[in-house]
Amino acid sequence: MIVHYAFTETPLGEVLIASDEQGLCFMGFTEENRAEALADLERRIKPASLVEDKSDQWITQVHAWLSAGMIGEHHLPLSLHGTPFQVAVWKALLEIPYGTVVSYQAIARAIGRPKAVRAVGTAIGRNNLSILIPCHRVLTTSGGIGGYRWGIARKQRLLEQEGVGWKEL
DNA sequence: CCCGACACGGTGC
DNA sequence: GCACCGTGTCGGG
C-alpha cells in the first residue's frame, strides 16, 4: 500500500501527516524528532511504502484547514487502521460535535460495551489521527481533564479554542 | 480535596 | 499467561 506523507506546521507544533487510497490515515506531532514520527507512522500503518508528497490532495486540504486555525469541523476523508474495537471507538469519537465534551464512560456505552471503559481509554490513546479525530473532547466523568497522548497542555488549548469551559464540570 | 485498592476489557509480548 | 493502561467507584485520611 502506497502512503503519502509530509511534515507541516500547526498552531500547536509540527505534525507528520499521511494518507492512503481511502483518505488521511495518520497525523501526529513530531515533537522535534521527525525520524521517530516516521517510525511511529510505519509501525501503525503497515505494510506501507512511504512516499513523501507535499502535494497529495488530502494532505494539502488538511494543511489548509490547519492554517485556517482548525476552526470547526473538517469534513476530510479518514482511513481508519486498527482493530474492530478501536475502529468502533474512533467512529464514536467522530460523532462528538465541535465544542462539546463527553466522558470515557459515555463512549463505552455508545459502542455497546459499558464496562470496557478502561479499554476505551487505551483505544483513544492509540488513535492515529490526533485532532482530526477529536480525542481531546473526552474527559473523566468527574470532570477531570483526563489524559492526552500529546500532553495535557495541548488538550487544554484545543478545548479552550472550541470554547469549552472545563473548570466547573 | 487527595490517596489506595480494586474491578474492568482489550492489546501486545 | 501476564502486565500494561488517556477509567470509575468506594472508602479513609
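All chains are named by letter (A, B, ...) in the order of the sequence lines, taking the proteins before the strands, and each is independently numbered beginning at 1.
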So which of residues 26-34 of chain A are in contact with DNA chain C, with a heavy-atom cut-off of under 4.0 Å? none
Students should find this one: the first and last nucleotides of DNA chain C, 5' to 3', lying under 4.0 Å from a heavy atom of chain A. What are they? C:dC5 to C:dT9
If the condition is side-chain hydrogen bond (donor to acceptor under 3.5 Å, both in side chains), which residues does A:R113 pass it with, not counting sequence neighbours? none
Check for a donor-acceptor pair, side chain of A:R154 on one end and backbone N or O of A:W150 on the other, with a separation under 3.5 Å. yes
Does the side chain of A:T141 pick up a donor-acceptor pair with the side chain of A:Q105 at under 3.5 Å? no
With heavy atoms under 4.0 Å as the rule, sort A:F85 into base, sugar-phosphate or nothing. sugar-phosphate
Looking at A:L12, is its backbone amide N or carbonyl O close enough to the side chain of A:R157 to form a donor-acceptor pair, meaning the two atoms are under 3.5 Å apart? no
Please check if atom CD in A:E9 has more than 12 non-hydrogen atoms from other residues, nucleotides or ligands closer than 6.0 Å. yes
What residues, two or more places apart in sequence or in another chain, satisfy side-chain contact (heavy atoms from CB on, under 4.5 Å) together with A:A88? A:I111
Counting only N and O atoms by type, is there a donor-acceptor contact under 3.5 Å from the side chain of A:T30 to the main-chain atoms of A:N33? no
Remaining members of A:I45's ILVMFWY cluster at a side-chain heavy-atom cut-off under 4.5 Å? A:M1, A:V3, A:Y5, A:F7, A:L16, A:F26, A:L38, A:L41, A:L50
Can you tell which of A:L66, A:T8, A:T10 makes a side chain to side chain contact (heavy atoms under 4.5 Å, CB included) with A:M27? A:L66
Could you name each residue pair satisfying salt bridge (Lys or Arg N to Asp or Glu O under 4.0 Å) that touches residues 60-74 of chain A, not counting sequence neighbours? none
Closest approach of A:P134 to A:L93 (non-hydrogen atoms, all atoms of both residues): CG-O, 3.2 Å
Any carboxylate oxygen within less than 4.0 angstrom of a Lys/Arg side-chain nitrogen, looking at A:E52 and A:R34? no
Positional range of nucleotides in DNA chain B within the contact set of chain A, heavy-atom, under 4.0 Å: B:dA7 to B:dG12
Across all chains, not counting sequence neighbours, the side-chain contact (heavy atoms from CB on, under 4.5 Å) partners of A:R118 are none
Between A:Q22 and A:S79, is there a donor-acceptor pair closer than 3.5 Å when you use the side chain of the first and the backbone of the second? no
Judged by modelled atom types alone, do A:D20 and A:H4 share a side-chain donor-acceptor pair under 3.5 Å? no
Can any side-chain N or O of A:K54 pair as donor or acceptor with the backbone N or O of A:T60 at less than 3.5 Å? no
Partner set under ring pair (Phe, Tyr, Trp, His ring centres under 6.0 Å) for A:W65, not counting sequence neighbours: A:H74
Got a sec? Which of residues 109-123 of chain A come in under 4.0 Å of DNA chain B, heavy atoms? A:R113, A:K115, A:A116, A:R118, A:A119, A:T122
Would you jot down, in residue-number order, the residues of residues 89-99 of chain A having a non-hydrogen atom under 4.0 Å from DNA chain B? none
Taking only Watson-Crick and G-U wobble pairs with both distances under 3.5 Å, what dot-bracket line describes DNA chain C, where [ ] shows pairs that cross earlier ones and | shows pairs with another strand? |||||.|||||||
